[in-house]
> 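Input: one structure, supplied below.
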Amino acid sequence: MTRKQLEEVCVIGAGQMGSGIAQVCATSGYRVKLFDVNQTQLEKAKSGIYKSCEKLLDKGKLSLASFTSLKENLYFETKISELKNADIVIEAIVEDEAKKKEIFFELNKVVKETGIFASNTSSISIARLAEASRRPSQFIGLHFMNPVPLMRLVEVVTTLGTNAQTLEISKEFVTSLHKEITLSKNYPGFVVNRILMPMINEAFFALQDGLSSKEDIDKAMKLGTNQPMGPFELADFIGLDTCLSIMKVLYEGTSDSKYRPSLLLQEYVENGYLGRKVGQGVYSYS
Ligand code: NAI
């Protein structure tokens, strides 16, 4: 199968990443099915995608032809059986290994034999997910960045089992979405999160130690290192639960104590502050 034969892309999980991936694939001319177990989430995704396209259209960053292509090619599904004709499946459900394994196991039963499987996981082992899918040679990591319509990079992650054809088709596919590629091996956090997440985690340690206020830590990193967002602003944007999951994967996957998640980050997520922004809990760290 070559890129020209790739017609249908199925995206699993209609959260912030799945919505963005579906949007970019549909505006690039693919027939896209966005699947989620939650109908309300699909409705939210639909309105979010249309709003995002309208904004990009207004700013001249999206053509009318691409928006029309999306309107004609994007479908929203809650039945897994509708995904049987997928040429490529991109999984973007919650960062939970057991849940991802379960969905790949189910997808393998439904999707045609030639379909390629990809995971957008931020950190979980692509090899273990590939094994759960029962089609390891057709399995690859495609790690899109957030927000997908604006960010140019996709990390392409291979395992020892990924075959050359899957890699070539995946590279052509990513390029057809007007994204840049970096290749990396299957190692906890790959490249981007192995370097980025310890920085965010360190910001939580600094706050936990009372080193500075959250505002000043964000300001220091923005102005002092020329990053567009401070670490807490970025952590809020990514989602604190996702940040903690990635740190746990780095810590458990390497057995290296330098990756232990900060207690403060754990407290935010595990004590029910999920969905709140850093500093909006009952504790005041500033
Ligand atoms: P999210 O929490 O916004 O969305 C997850 C979606 O998956 C929800 O809509 C949920 O209903 C759905 N879902 C859960 N179980 C499902 C199942 N069994 N079948 C179908 N749908 C199911 O999560 P987000 O932030 O979009 O992350 C998704 C994946 O992308 C994670 O693996 C994450 O690590 C990765 N990622 C996240 C980035 C970020 O900045 N948030 C950046 C790059 C990758």
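Start at 1 and go down the list; that is how both ligands and their atoms are numbered. The residues of the chain are indexed from 1 along the displayed sequence. Keep in mind the model is a prediction, meaning the values are calculated, not measured.
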> On the six-membered ring of F117, is R135 placed so that its NZ or CZ lies under 6.0 angstrom from the centre and within 45° of the ring axis?
yes
> Salt bridge or not for E43 and K46, using N-O below 4.0 Å?
no
> Relative to ligand 1, is M145 under 4.0 angstrom through side chain, backbone, both or neither, heavy atoms considered?
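None of M145 does.
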> One residue to check: I93. Relative to ligand 1, which of side chain, backbone, both or neither has a non-hydrogen atom less than 4.0 Å away?
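Contact part for I93 vs ligand 1: both backbone and side chain.
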> With atom 5 (C) of ligand 1 as the reference point, say which of V249, N146, L107, V94 has the nearest heavy atom.
V94
> Distance from E82 atom CD to E8 atom CD, nearest 0.5 Å?
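Going from the CD atom of E82 to the CD atom of E8 covers 9.5 Å.
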> What atoms in ligand 1 come closer than 4.0 Å to a heavy atom of T121?
32 (O)
> Does E95, backbone or side chain, put an N or O under 3.5 Å from an N or O of ligand 1?
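E95 vs ligand 1: N/O contact under 3.5 Å present.
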> Within ligand 1, which atoms have a heavy atom of K100 less than 4.0 Å away?
31 (C), 32 (O)
> Can E95 and K100 be counted as an ion pair, charged N to O under 4.0 angstrom?
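Salt bridge between E95 and K100, a charged N being under 4.0 Å from a carboxylate O: yes.
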> Report, in ascending order of atom number, the atoms of ligand 1 lying under 4.0 Å from any heavy atom of F35.
19 (N), 20 (C)
> Just distances here: any N/O of M17 and N/O of ligand 1 closer than 3.5 Å?
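Yes.
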> Heavy-atom count check: over 12 atoms from other residues, nucleotides or ligands less than 6.0 Å from K101 NZ?
yes
> With a 6.0 Å cut-off on ring centres, are F35 and F76 close enough?
no
> Does only the side chain of I103 get under 4.0 Å from ligand 1, or the backbone, or both, or neither? Count heavy atoms.
side chain
> Which part of A14 is near ligand 1, with near meaning a heavy atom under 4.0 Å away: side chain, backbone, both or neither?
backbone
> Determine the minimum heavy-atom distance between T162 and L167, stating which atoms define it.
CG2-N, 4.5 Å
> Using a 4.0 Å heavy-atom threshold (strictly under), name the region of F144 that reaches ligand 1: side chain, backbone, both or neither.
backbone
> With respect to atom 33 (C) of ligand 1, which of G18, S122, A92 exhibits the smallest heavy-atom separation?
S122
> Heavy-atom contacts under 4.0 Å between H143 and ligand 1: side chain, backbone, both, or neither?
side chain
> Using heavy-atom distances, let me know which of N38, D96, D36, V11 sits nearest atom 11 (O) of ligand 1.
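It is D36 whose heavy atom sits nearest to atom 11 (O) of ligand 1.
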> Just heavy atoms, cut-off under 4.0 Å: does Q41 contact ligand 1 by side chain, backbone, both, or neither?
side chain
> Give a yes or no on whether K79 atom NZ has more than 12 heavy-atom contacts from other residues, nucleotides or ligands under 6.0 Å away.
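Incorrect, the count does not exceed 12.
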> Drop me the distance from L234's CG to C243's SG, to the nearest 0.5 angstrom.
7.0 Å
> For atom 3 (O) of ligand 1, what is the nearest protein heavy atom, given as residue, atom name and distance?
Q16 N, 3.2 Å
> Would E155 and T182 count as a side chain to side chain donor-acceptor pair (under 3.5 Å) here? Give the steps.
CA-CA 5 Å; E155 272 189 286; T182 53; 4.8 Å; no
> Could you list which atoms of ligand 1 come closer than 4.0 Å to a heavy atom of T242?
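What qualifies from ligand 1 is 34 (O).
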